[in-house]
Amino acid sequence: MKSHELTFLKVKIEQLKEDGVYRELPVNYGPCTNRINLNGKEVVNLSSNNYLGLANHPEVKEAAIEAVRVYGAGAGAVRTIVGNYNLIGELEDKLAEFKREEAVMCFQSGLNCNIGTIQAIVERGDLIISDELNHASIIDGIKLCKADKAIFKHSDMEDLERILKEKRDEYNNVLIITDGVFSMDGDLAKLPRIVELAEEFGALTYVDDAHGSGVLGESGRGTVDHFKLHGRVDFIIGTLSKAIGVIGGYVAGKHETKTWLSHRARPLLFSTALPPAATAAAMKSVELLMNSTEFTDRLWDNANYFKAKLGKLGFDTGHSETPITPVIIGSEATTMQFSKALLDAGVYVSGIVFPTVPKGTGRLRCMISASHTKEDLDFAVKQFEIVGKALELI
Ligand SMILES: *Cc1c(COP(=O)(O)O)cnc(C)c1O
């Protein structure tokens, strides 16, 4: 047998094609904003996480350019050696002020942050209790640590309580992990009850607020602020890659968390620090958010406008409590057909099907942004109407 031909991968790729799930990555020839040039065609973009349009804000771009002039393109090392240039600490202090927490530790991405933090804060003899719909990066973080795990049914507080009752006494620390906002349906974690249960059973709480930061709470301070739970959630994860518009992740919480992570979080020890452009741009985004509710106001105004119009047409927009607007279609094939027809009509919205969501609940997930104009949203709704009628869904 000849080696290096990677026949095993060729076979797997053929299988993808047979299963109808093979795809090529779409190419965006320009900034990721309200309208994009996707594969050479201008479309209204209903699929980005750039919730507030900050990825393309002139002051944010300028901050990145200025940081490159002063600090260069790369950090040059991991943070524990000489990659800890002073802008990172300034960003962390700014984020701590924004999140109203004692201290913040930044990572290179939200995924890195979950992988590094979960592994560092639990050990053998501990138990993690995780919502079944938690993000993939949490699942990976749990896989990398030595603690035991238990999964509770999505947002089912009785199931969570049952696990706590059954297992609490067998473990040292118990850590309850949940997304703040669940990205496929846009629903919120039942944080007040989770915190109550954690306090009753002496468990720690960990909230990944990637889709809540910059969206919920005062000026986008997040889900914990939305529910007024400051000081009662131990580890609050945020990303700088979504509403903040750049790249990076962070943990907000106590000083001790930050100190411990600086000694034990592997992405900080073994992977190069955030580049200066990203650090400076993120800091500018956070400053803009702290100085004005203009961005979050526009986001919610757009989201409410779009949801109301789609609902009026008779589409099922699920039970989202955030600007994430799922349009539930049902069958996997019809969902993909709908997405394709919308793209032909000039609207890009990704179809999400099994196994990402349960069978028969295929949906188009519309991500509304502050950067959309009313014309963008009206155009998108019109195309939804035309395609929906053609497919006899409304
Ligand atoms: C997007 C997301 C992440 C990953 O964030 P990146 O900064 O893009 O790596 C982590 N957790 C949740 C819940 C997310 O939605």
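Since the model is a prediction, treat every value here as computed from it, not as a measurement. Counting starts at 1 for both ligands and their atoms, following the listed order.
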Those protein residues which place at least one heavy atom below 4.0 Å from ligand 1: S109, G110, L111, N114, H135, S137, D179, D208, A210, H211, T239, S241, K242, G248
Less than 6.0 angstrom separating the ring centers of F182 and H154, yes or no? yes
Scan for ring pair (Phe, Tyr, Trp, His ring centres under 6.0 Å) pairs involving residues 216-268, sequence neighbours excluded, and state none if there are none. none
Under 3.5 Å donor-acceptor, E332 side chain and G360 backbone: yes
Quick note, salt bridge (Lys or Arg N to Asp or Glu O under 4.0 Å) partners involving residues 188-214, not counting sequence neighbours, are E161-R193, R193-E196, E199-R232
Atom pairs and distances, donor-acceptor, side-chain atoms in residues 57-71, under 3.5 Å, two or more places apart:
residue: H57; atom: ND1; partner: E59; partner atom: N; Å: 3.1
residue: Y71; atom: OH; partner: N86; partner atom: OD1; Å: 2.7
residue: Y71; atom: OH; partner: N86; partner atom: ND2; Å: 3.3

Quick check: does any side chain N or O of D126 sit under 3.5 Å from a backbone N or O of N173, one acting as donor and the other as acceptor? yes
